[in-house]
Amino acid sequence: MSSSAPASRRNSAISNKSTSTTTPDKPTPTHLDLRTLRYVSPPDDNLCCPICHSPFLDPIQTRCRHTFCSDCIAEALKNSETCPIDRKPITDEGLSPAPILIANMVNDLVVYCPNAENGCTETVPRHLVEGHVRETCGWVQVECGVGGCKEMVRRNETSMECLHRLVKCEFCLEEVRRMDLDIHYDTCAGISTDCPHCLTDYKRSDWKSHVQSCPEASIPCSSSVYGCPTILPRREMARHESTCSFVHLTPVFRRHESQISELALENRMLRRRLDLLYPRATQPESNTNSEEPQGPSVLDEQTYHILSEQEHLRTDLDRLSESMVALEMKHTMHFINENMRVKEEMVAMRTAINGVRMQMHWLLNMRAQAPFQPMMPMMGMGVMQQQAQVVAQGGTTTQGGETVQRRHSEHQNVKL
Amino acid sequence: MSLPKRILKETERLRNEKDTGIKATIHGDNLRYFDVEINGPEGSPYEGGVFELELFLPEDYPMSPPKVRFLTKIYHPNIDRLGRICLDILKNNWSPALQIRTVLLSIQALLGAPNPDDPLANDVAQKWKEDENAAKATARQWTKEYAKKVSDQKEEA
């Protein structure tokens, strides 16, 4: 779109052709972009290019007799070789300069000077704007030229005198460029000004230090921070301060101030230690912003918390010891019961054993007295009774008569 | 690249556009991005609906077409689920002599004259060809449901 875009071969061909045919007098190296010009009155839509919506620049007509700026149509043909209006196929050869009438009409449109923002109020027909900028516009930067000076200066500021020459400031004797002199005066330290308080003339460089000590300058009382509302000229302030009660109390205020700050520091330190000791209690405190009034209540809270915790633990302990006693009782009872049962059982066993022993005695006596053979049936009976003991010893019962006999005799030896 | 004068001119002209049922306003501070509202054309199933679109002017506009997309859900054979529009002037038939205003008017015309023979949403186009009345009823239903005026939505709320 923009004329600065790199032009293709075709594009350059067209613009070369068009420039050579329509505006041969147009200077080629121009930095003035005619598209950016502002028109004094809104241009007629019929004189505007359908592509850029601005008045034609270097108008070109297609074979289908539509008119465009030369740059615009060249750019459009790069994308599609049809007329942007009716889509009829066209090529470079189908393009020709628009009628002189159209070119004249757009060239006669009145535009503002491109330097209007800088202050130029000129309005000129568009085809003259380049000449205006090149030759007459006072707001264009040009070479100074006086005495071979190469610096740039606005054309309407050029004169016989070179503005870049260094001149001496008559007040501070500093060397300044002629054109910067006005700006320099605004800040020149050599120029004197009136002190607004004592109306004496002072040089700008001395003025600052003077204001610090000017006897007429109004200053607040030195105890204004402690509440004295008095504002008086400096020369009267000494008298005021000798009677001002705020000034008299200043040392007291100061002492209090330092004490308060010390206490605040200490308080902060203590709080930090407290936080370290009871980190759980700090959480609700962190939500509150005011520190001082919260202090004691936080402490109470913590103590209360600890006390209640202790109470909890104590009741827990009581409960536990109680249940422990109960458990012990239960356990003892159980133990005694069990013990008694075992004792009874033992008694019963002992009697049973005694019974068995008696029987055995009897049997042994019988065997000692009676002959061996007829005792067999009796022996069987004895064996049956003895079997229980044999099983308890882990041995295997055997039905063989001889084995039983042998064992019997063993038993005899052991038990009796 | 600075903003071409043409875009500024078009924006200015669009601001003064009042009675054609199209509205384009610059979105935020990007002068190439527009919020668009198109009223459904009278006599179409989209009548009474206000459709929101987004329009973006690419770097080489007006040499290449603006990118336009429906943001409002619409039941139309040439507009797909993502809001993309099948319209020749937005693709190969673009001409630099066209402008935002004419593009939006063309889209409005497309709402008035759906073209199921060149579909983008195949299912919709199929429906449109098989049973045009049912399809139009669906379009009307969707318009009622999705393409409300902001003021209407406020009233309901």
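Residue numbers begin at 1 in each chain, while the letters A, B, ... track the order of the sequences. Excluded from the calculations below are hydrogen atoms, water molecules and symmetry mates; all remaining heavy atoms, backbone and side chain alike, are included. Remember, it's a predicted structure, so these values are computed and weren't measured experimentally.
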Around atom [atom1] of [X], are there more than 12 heavy atoms of other residues, nucleotides or ligands at under 6.0 Å?
X        : atom1 : answer
B:Lys67  : NZ    : no
A:Ile100 : CD1   : no
B:Arg140 : CZ    : yes
A:Glu117 : CD    : no
B:Asn16  : CG    : yes
A:Arg65  : CZ    : no
B:Arg13  : CZ    : yes

| Residue part contacting chain B, namely of A:Thr36, when any heavy atom lies under 4.5 Å | backbone
| query | chain B heavy atoms under 4.5 Å from A:Ser80: which part of the residue, side chain, backbone, both or neither? | reply | neither
| Which answer fits B:Leu98, side chain, backbone, both or neither, if we ask what part of it has an atom under 4.5 Å from a heavy atom of chain A? | side chain
| field | Side chain, backbone, both or neither of B:Asn93 within contact of chain A (heavy atoms, under 4.5 Å) | value | both
| remark: Most contact-rich option vs chain B, by heavy-atom pairs under 4.5 angstrom, among A:Cys83, A:Ser54, A:Pro50, is A:Pro50
| message | Any heavy-atom pair between the side chains of A:Arg35 and B:Lys5 that's under 4.5 Å? | response | no
| task | Considering non-hydrogen atoms only, spot the tightest contact between B:Met63 and A:Asn79 and give its length. | result | CB-ND2, 3.2 Å
| query | Which atom pair, heavy atoms only, marks the closest approach of B:Ala97 to A:Ile85? | reply | CB-CD1, 3.7 Å
| request: Output the distance between atom CZ (B:Arg6) and atom SG (A:Cys48), rounded to the nearest 0.5 Å. | output: 11.5 Å
